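Below is one structure, written out as C-alpha cells; the observations come after it.
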Amino acid sequence: MDAWRRLLLAVVCGVAVAGVYAAQPVLDVMGRDLGLPPGLTGWIVATGQLGYLAGLVLLVPLADAVADRRRLIAVHLAVTATGLTLTASASGPGTAFAGLAVAGLFAVVVQTTVAYAVSVSPPAERGRNIGVVTSGVVVGILGSRVVTGSLAEVWGWRSCYAVLAVLSLGLAGLVLAVLPAEMRPGRSVRYGRAVLALGGGLFGQRTLLTRGLIAFFLFASFGTLWSGMSLPLAGPPWQLGESGIGLFGLVGLSGALGAARAGRWADAGRAVPVTGLALVLLVLSWAAIAQLPWSLWLLVLGIVILDFAVQAVHVSNQHHLTAVYADRADTVIGGYMVFYSLGSALGAATTTAAFTAGGWSYASLLGAGFAGCALAVWGTERLLRVPVRAGAAK
C-alpha cells in the first residue's frame, strides 16, 4: 500500500470518529443549548458510543460477507453524514441524540477500513500500516477538539457537525475514485453467520477476551479525561473558552503520534512488553492530570503520557488479534471494538457524574482506577499464560 492510500484511509478513520467525539470540548455550551442538566451532559458523547457499539454488532460483520469493502466504506460514510446533519439541525436533545446515535452506528466504518488495510498489506508491513491508519483514529478524536473548539467559538457548536457531514460525503466519493476495488472471490460467509460468529464462541476465546478487557478499561480511562476535562477548564480558576479547551487536543496528538512506532514494535515481536510498560505509564499519568486545578503544565505532561500509552496499547492489541485471527480480521476487530466502545461510553457517562459529585479529584481517581484495572488484566494474563503450540488455544 502506498503512502497516499494509507493517508486516505487514516483520514477516513479520523473523520468518522470525530463525529462521535466532537462534542467533548463543547459539552457545557451544547448541553445548555439543548436543555440538558449538567450531570447528564456526558451522555452526549456516550450516546454516540452506544450507537457505535450497535454498529459493531450489526454492521461490522457485513465486511466479512461482501466482496468489495471499498463500496461498504463509501456507503457508511454517506450515512454517517446524514446523522451528523441531523445533529447539526437539532432543536432539542431527542433529535440530537438520534443524530449522534446514527453517526456512531456508522462510524464503525473505522473497523472496515482497518480490515481493508490489513488485507492489502504484506505480513511484514501489517503492523506499520495498522499504526498509520489507526493514528487517524487518534487524530480524529483529539484533533476534532481543536477544530470543534475553534469553529464553536466563531459559528457555534452546530457548525462542527455541519463541516464533518460535508467532509464525510466528500470522502465517500474519494474512496470510490481512488481506492482499488477489493474483489475477494469465493466469499461465502453469510451476514447472519458472521453476526453469530461475533456473538458466539469468539468472545469465549482467551486472546480476544484478554485484549478486549484491556481495551475496555483503557478507553474508560481515556474517556474519563477527554469527556470530563472541559468542565473544570471552563470553570474557575482557568475559565477557558471553547477554542482554548480545544487546543489541548494538540497536546494529546503529540503524545499519540509519538506512539506511531508501536506498530513496528509489534512487527518486531515486542507487543506484550510494550503493552505492559504503556499501561504502567497510563496509571502514572493520572498523578499529573489530577493537578489540573493548580497547574496546567502538569496537566499537559499527563495528557502527553496518557495518549502515548493509549495509542501504544491500542495498536499492539489490534496487531496481535489480526495476526492470531488472520482469516476473520473484520469480525475479530469488531469484537475487540465492542470492548472499546463500552469502555469509552462508561468513561464519558461517569466522568461528568463524578465531577458533579466531588470535583476533578473524584474524576481523576475514577480515571486512575480504570487504568489500574487494565494493568491488572494484563498482569493476570501474563501470570496465567502457559506455552501453547502455534495456532492452538486461541
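These figures come from a predicted structure and were not determined experimentally.
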**OP:** State, to 0.1 Å, how close S344 and Y21 come at their nearest heavy-atom pair, and which atoms those are.
**Re:** OG-OH, 3.5 Å
**OP:** Using a cut-off of 6.0 Å, state whether more than 12 heavy atoms not belonging to R158 lie near its atom CZ.
**Re:** yes
Original post:
Can you name the closest pair of heavy atoms from P293 and A290 and give their distance?
Top reply: CD-O, 3.4 Å
**OP:** Please lay out, stage by stage, how H76 and L59 fare under the test side chain to side chain contact (heavy atoms under 4.5 Å, CB included).
**Re:** CA-CA 9 Å; H76 282 5; L59 298 180; 4.2 Å; yes
**OP:** Report whether W378 and V280 are members of the same hydrophobic cluster (ILVMFWY, side-chain heavy atoms less than 4.5 Å apart, transitive linking).
**Re:** yes
Original post:
Is any side-chain heavy atom of W4 closer than 4.5 Å to a side-chain heavy atom of L7?
Top reply: yes
Subject >> Euclidean distance, T87 OG1 relative to F97 CZ, rounded to 0.5 Å >> reply: 10.5 Å
**OP:** State, with a plain yes or no, whether a side-chain heavy atom of R32 is found less than 4.5 Å away from one of V29.
**Re:** yes
Original post:
Per the side-chain contact (heavy atoms from CB on, under 4.5 Å) rule, which among L299, L292, L298 passes with S295?
Top reply: L298
Original post:
Is the shortest heavy-atom distance from the side chain of F217 to the side chain of V377 under 4.5 Å?
Top reply: yes
**OP:** Return yes if a side-chain donor-acceptor contact under 3.5 Å exists between Y340 and Q318, otherwise no.
**Re:** no
**OP:** Could you check whether the rings of H314 and Y336 sit parallel, tilted or perpendicular, using 30° and 60° as the cut-offs?
**Re:** parallel
Original post:
Between L296 and L233, does a side chain to side chain contact (heavy atoms under 4.5 Å, CB included) hold up when you go through it step by step?
Top reply: CA-CA 9 Å; L296 290 183; L233 287 176; 3.8 Å; yes
**OP:** Please report the closest heavy-atom contact between L34 and A90, naming both atoms and the distance.
**Re:** CD2-O, 4.5 Å
Original post:
Which one of L151, V147, L84 satisfies the side-chain contact (heavy atoms from CB on, under 4.5 Å) criterion with V163?
Top reply: L151
Subject >> Whether over 12 other heavy atoms sit under 6.0 Å from W155 CH2 >> reply: no
Subject >> Contact check, side chains of C13 and V133, non-hydrogen atoms, under 4.5 Å >> reply: yes
Original post:
Is the backbone N or O of A348 less than 3.5 Å from a side-chain atom of S227, with the two atoms forming a donor-acceptor pair by type?
Top reply: no
**OP:** Check whether any side-chain heavy atom of W286 lies under 4.5 Å from a side-chain heavy atom of L365, and answer yes or no.
**Re:** no
**OP:** Determine, using the 4.5 Å side-chain heavy-atom cutoff (strictly less than), whether V166 and L164 are members of one ILVMFWY cluster.
**Re:** no
**OP:** Verify side chain to side chain contact (heavy atoms under 4.5 Å, CB included) between Y52 and M337, making sure each step is shown before the conclusion.
**Re:** CA-CA 9 Å; Y52 193 79; M337 295 301 287; 3.6 Å; yes
Subject >> Any side-chain heavy-atom pair of L284 and I305 under 4.5 Å >> reply: no
Subject >> 4.5 Å side-chain heavy-atom contact, T113 and R69 >> reply: no
**OP:** Using the rule that two of Ile, Leu, Val, Met, Phe, Trp, Tyr join whenever any of their side-chain heavy atoms come within less than 4.5 Å, decide whether L77 and L169 are in one cluster.
**Re:** no
Subject >> L209 side chain reached by F339 side chain, heavy atoms, under 4.5 Å >> reply: yes
**OP:** For A278 and A312, work out which heavy atoms get closest and say how close.
**Re:** CB-CB, 4.1 Å
**OP:** Please work out which of the three classes, parallel, tilted or perpendicular, describes the rings of W226 and F222, given edges at 30° and 60°.
**Re:** tilted
**OP:** Would you give the length of the straight line joining atom CG of L321 to atom OG1 of T210, rounded to the nearest 0.5 angstrom?
**Re:** 10.0 Å
Original post:
Roughly how far, to the nearest 0.5 Å, is CD1 of I44 from CD of Q49?
Top reply: 13.5 Å
Subject >> Closest non-hydrogen atom pair between A46 and A345, with its separation >> reply: CB-O, 4.0 Å
Original post:
Hey, mind stepping through I289 and M229 against side chain to side chain contact (heavy atoms under 4.5 Å, CB included) and telling me if it holds?
Top reply: CA-CA 9 Å; I289 292 168; M229 188 176 67; over 6 Å; no
**OP:** Indicate whether any N or O donor in one side chain lies under 3.5 Å from an N or O acceptor in the other, for S364 and W360.
**Re:** yes
Original post:
Going by atom types alone, do Y116 and Q111 pair a side-chain donor with an acceptor below 3.5 Å?
Top reply: no
Subject >> Shortest non-hydrogen contact between A309 and L281, atoms and distance >> reply: CB-CB, 4.4 Å
Original post:
Does one hydrophobic cluster hold both L225 and Y362, with members joined at side-chain heavy-atom distances below 4.5 Å?
Top reply: no
**OP:** Would you check if the side chain of T47 reaches a backbone N or O of W43 as a donor-acceptor pair within less than 3.5 Å?
**Re:** yes
Subject >> Euclidean distance, L279 CG relative to I214 CD1, rounded to 0.5 Å >> reply: 6.0 Å
Original post:
In the single-linkage hydrophobic clustering (I, L, V, M, F, W, Y; side-chain heavy atoms under 4.5 Å), do V15 and L176 co-cluster?
Top reply: no
**OP:** Quick one: pull up CZ in R5 and CG in L179 and give me the separation to the nearest 0.5 Å.
**Re:** 7.0 Å
Subject >> Gap between atom OG1 of T224 and atom CG of L366 - 0.5 Å precision >> reply: 4.5 Å
Original post:
Are any side-chain N or O atoms of T351 and backbone N or O atoms of G347, one a donor and one an acceptor, separated by less than 3.5 Å?
Top reply: no
